Amino acid sequence: MEFLRPAGWEEALAAKAEYPDAVPLAGGTDLMVELNFGHRRPERLLDLGRIAELKEWETDGDSVRLGAGVPYTRIMEGLRRELPGLALASHTVASPQIRHRGGVGGNLGTASPAGDAHPALLAAGAEVEAVSARGTRLIPIDDFYLGPKRNALAPDELIRAVRVRRADGPQQYAKVGTRNAMVIAVCAFGLALHPQTRSVRTGIGSAAPTPVRAREAEEFLGGVLEEERCWESGRVVPPAAARHFADLCAAACSPIDDVRGTAAYRRRAVGVLARRTLGWAWEEYRGSARATEGAA
Amino acid sequence: MMRVRLTVNGRAREADDVWEGESLLYVLRERLGLPGSKNACEQGECGSCTVRLDGVPVCACLVAAGQAEGCEVVTVEGLAPEGELSTVQRAFVDAGAVQCGFCTPGLLVAADDLLDRNPKPADADIREALSGNLCRCTGYEKIMDAVRLAAARRCAEPEGDRA
Ligand SMILES: Cc1cc2nc3c(=O)[nH]c(=O)nc-3n(C[C@H](O)[C@H](O)[C@H](O)COP(=O)(O)OP(=O)(O)OC[C@H]3O[C@@H](n4cnc5c(N)ncnc54)[C@H](O)[C@@H]3O)c2cc1C
Ligand code: FES
Ligand code: FES
């Protein structure tokens, strides 16, 4: 085995171009488990740990360019306002030790349907900045997940960053598991209200072969909120509509039975999480709408 | 095979013939003679291998040895001078928080880090900080007691005396 330690980003891209089979190593919280258990014996490891720009984020205009290697701890501490959904999701990952090392680049690299960043990224709206010696392309998050643990990266590409739309409204994230820490999601749900475009976006984790959005549910709820003039008035979402939204979210799942839970349980739980997160997010939206009104 | 240089508990150390896929935990235990950090699950689940890497608690079993090149590592052996106990270690003994002791080194490193960041943690802070450390003997109540005791003692000590 060879251990490649590029000191900078250009060097990393050159190494990946020369050795497309080199396996990137970021926080190691997925990859080291595979090495420790002999599940994987790559010819080459490409350690990204020394590349400073991967550990930084920039806020430019409407989006946050989040370096692939920013650990979860820093996301949950530093990006609560800009990326509240992702910050909440980050806090649910594993334990402090894991959150100090693992980050979104590795979560996207693994592309597990249970990865906690995915529902938050789907709900917020994001693009993955995939870079190779050939150039840069921005992959819309909706096109990134191709199958269980399969993503849209080409063999010579590395993730430089993920560009996430800065929150323009409340966002929520909820996860079902057996404890409050150290749980891989039985299922998870991310929800973002986008008052600027008067739309609602969702992300579902661990309840389909890939992370997915509940598009029909989003459209249905968007329509109701528009028709009932809820965005302007800040009035409560009609309970029947919230229930139907939850049903459509459950219907967007195609879960399986596994050791963590049954398909039927997952579908039901996703509906419950959808209704709850909508309730929390809408309450917060109404609160902020009232606060603006009061100030005016 | 490669050579890895790093600082462990304040001393410059070097390990030779390190396999590229080897963990920092293996290097500490098997190459540098520091068996304090325990090897239990090798998959980040138990926290027995917790060390500080450049200041932050991590699972040494999930850090590739090569990633620790040039870094500062503090293990349980580095919490107090040889033959002495740090406040946190003393509190674990006094509170009866050590049963078989397998989880203890990782818990000590995690608790030490918590009290450095937050000298007066609430119970919820303690639970969160230790949520990545499993005690197979399930002595969690005594562990909570030990951290509360350590916090109280550290707050009562004059600044300079703190181990
Ligand atoms: C005990 C434990 C508990 C866990 N709990 C959770 C949990 O609750 N929720 C959750 O979502 N995850 C969990 N995980 C999984 C893991 O922590 C996350 O997936 C994390 O985001 C991985 O990030 P990393 O930097 O450690 O990735 P690594 O392990 O370094 O890499 C993961 C994969 O991504 C690739 N990769 C990394 N960086 C890049 C890049 N820049 N470009 C291209 N490819 C790249 C690697 O080649 C590898 O295939 C857990 C893991 C452990 C060990
Ligand atoms: S041995 Fe590292 S976490 Fe269990
Ligand atoms: S004292 Fe035995 S594992 Fe904690």
Side-chain angles (χ1 to χ4, degrees), chain A residues 1-7 19 22-51 54-55 69 71-74 76-77 91-103 106 110 177-184, chain B residues 1-5 18-26 37 39-71 106-107 109-111 113-114 117-118 121 124-134 140:
Chain A
M1 198 186 286
E2 213 180 328
F3 196 82
L4 305 171
R5 290 202 83 197
Y19 307 110
V23 178
L25 174 62
T29 60
D30 276 320
L31 189 51
M32 284 304 289
V33 176
E34 296 189 281
L35 293 183
N36 288 345
F37 284 80
H39 294 323
R40 223 163 149 184
R41 280 284 177 272
E43 286 280 306
R44 289 178 188 82
L45 292 176
L46 180 64
D47 176 25
L48 304 175
R50 287 202 296 173
I51 301 168
L54 296 184
K55 303 240 167 99
Y72 290 118
T73 310
R74 292 192 43 226
M76 65 197 234
E77 286 168 0
H91 203 159
T92 73
V93 173
S95 65
Q97 288 91 325
I98 304 286
R99 294 196 292 268
H100 282 139
R101 298 283 298 167
T110 299
T178 43
R179 293 173 62 186
N180 269 336
M182 211 53 114
V183 282
I184 304 289
Chain B
M1 294 291 168
M2 58 183 183
R3 167 176 294 178
V4 175
R5 276 161 299 229
V18 174
W19 175 59
E20 288 73 15
E22 197 166 301
S23 70
L24 171 63
L25 179 62
Y26 190 90
S37 314
N39 178 356
C41 72
E42 289 200 285
Q43 52 180 318
E45 293 276 355
C46 75
S48 312
C49 64
T50 303
V51 300
R52 279 207 203 181
L53 180 69
D54 285 341
V56 297
V58 303
C59 297
C61 69
L62 298 184
V63 177
Q67 293 185 297
E69 167 83 28
C71 294
L107 277 164
V109 173
D113 170 74
L114 167 68
R117 284 180 294 113
N118 180 356
D125 301 326
I126 303 177
R127 286 181 200 283
E128 162 117 9
L130 305 186
S131 60
N133 294 78
L134 293 187
Y140 293 109

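Being a predicted model, the structure only gives us computed values, none of them experimental. FYI, side chains are in, hydrogens and waters are out, and symmetry mates aren't considered; it's all heavy atoms of this structure. So you know, we letter chains A, B, ... as the sequences are listed, proteins then strands, and number each from 1.
Contacts of Glu2(A) with chain B are made by backbone atoms alone, with heavy-atom separations under 4.5 Å and no side-chain atom involved. If you measure heavy-atom distances from Ser23(B) to chain A, the contacts under 4.5 Å come from both the backbone and the side chain. Of the two parts of Arg99(A), only the side chain, counted from C-beta on, holds a non-hydrogen atom closer than 4.5 Å to a non-hydrogen atom of chain B. Heavy atoms closer than 4.5 Å to chain B are found nowhere in Arg44(A), neither backbone nor side chain. Neither the backbone nor the side chain of Leu130(B) comes within less than 4.5 Å of any heavy atom of chain A. Residue contact with chain B, scored on non-hydrogen atoms closer than 4.5 Å, involves the side chain of Arg41(A) exclusively. Heavy-atom distances place both the backbone and the side chain of Leu25(A) under 4.5 Å from chain B.
Side chain of Asn36(A) to main chain of Cys61(B): a donor-acceptor pair is present (N/O by atom type, distance under 3.5 Å, no hydrogens or angles). Side-chain atoms of Gln67(B) come within 3.5 Å of backbone N or O of Ala26(A) as a donor-acceptor pair.
Taking every heavy atom of both residues into account, Phe3(A) and Ala64(B) meet most closely at CE1-CB, 4.1 Å. Scanning all heavy atoms of the two residues, the minimum distance from Leu62(B) to Thr29(A) falls at CD1-CA, 4.0 Å. When every heavy atom of Ile98(A) is checked against every heavy atom of Cys59(B), the shortest pair comes out as CD1-SG, 4.4 Å.
Residues Arg117(B) and Glu77(A) are not paired through a salt bridge, judged by the lack of any N-O separation under 4.0 Å between the basic side chain and the carboxylate.
Heavy-atom neighbours of Asn180(A) CG from other residues, nucleotides or ligands within 6.0 Å: at or below the threshold of 12.
Expressed to the nearest 0.5 Å, how far CG of Asp54(B) lies from NE2 of His100(A) amounts to 12.5 Å. Once rounded to the nearest 0.5 Å, the distance linking CD of Glu20(B) with CD of Glu43(A) reads 11.0 Å.
With chain B as partner, the option from Gly49(A), Pro96(A), Ala181(A), Ala94(A) having the largest number of non-hydrogen pairs under 4.5 angstrom is Pro96(A). Options Met1(B), Glu22(B), Glu45(B) differ in how many heavy-atom pairs under 4.5 Å they form with chain A, and the most are formed by Glu45(B). For chain B, the option among Leu35(A), Thr73(A), Asp47(A) with the highest count of heavy-atom pairs below 4.5 Å is Asp47(A).
For the pair Leu53(B) and Arg101(A), the minimum side-chain heavy-atom distance is below 4.5 Å.
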Yes or no on side chain to side chain contact (heavy atoms under 4.5 Å, CB included) for Ser131(B) and Arg179(A), after CA distance, side-chain angles and deciding distance?
-> CA-CA 10 Å; Ser131(B) 60; Arg179(A) 293 173 62 186; 4.3 Å; yes

List the steps, then state whether side chain to side chain contact (heavy atoms under 4.5 Å, CB included) holds for Gln97(A) with Asn133(B).
-> CA-CA 9 Å; Gln97(A) 288 91 325; Asn133(B) 294 78; 2.9 Å; yes

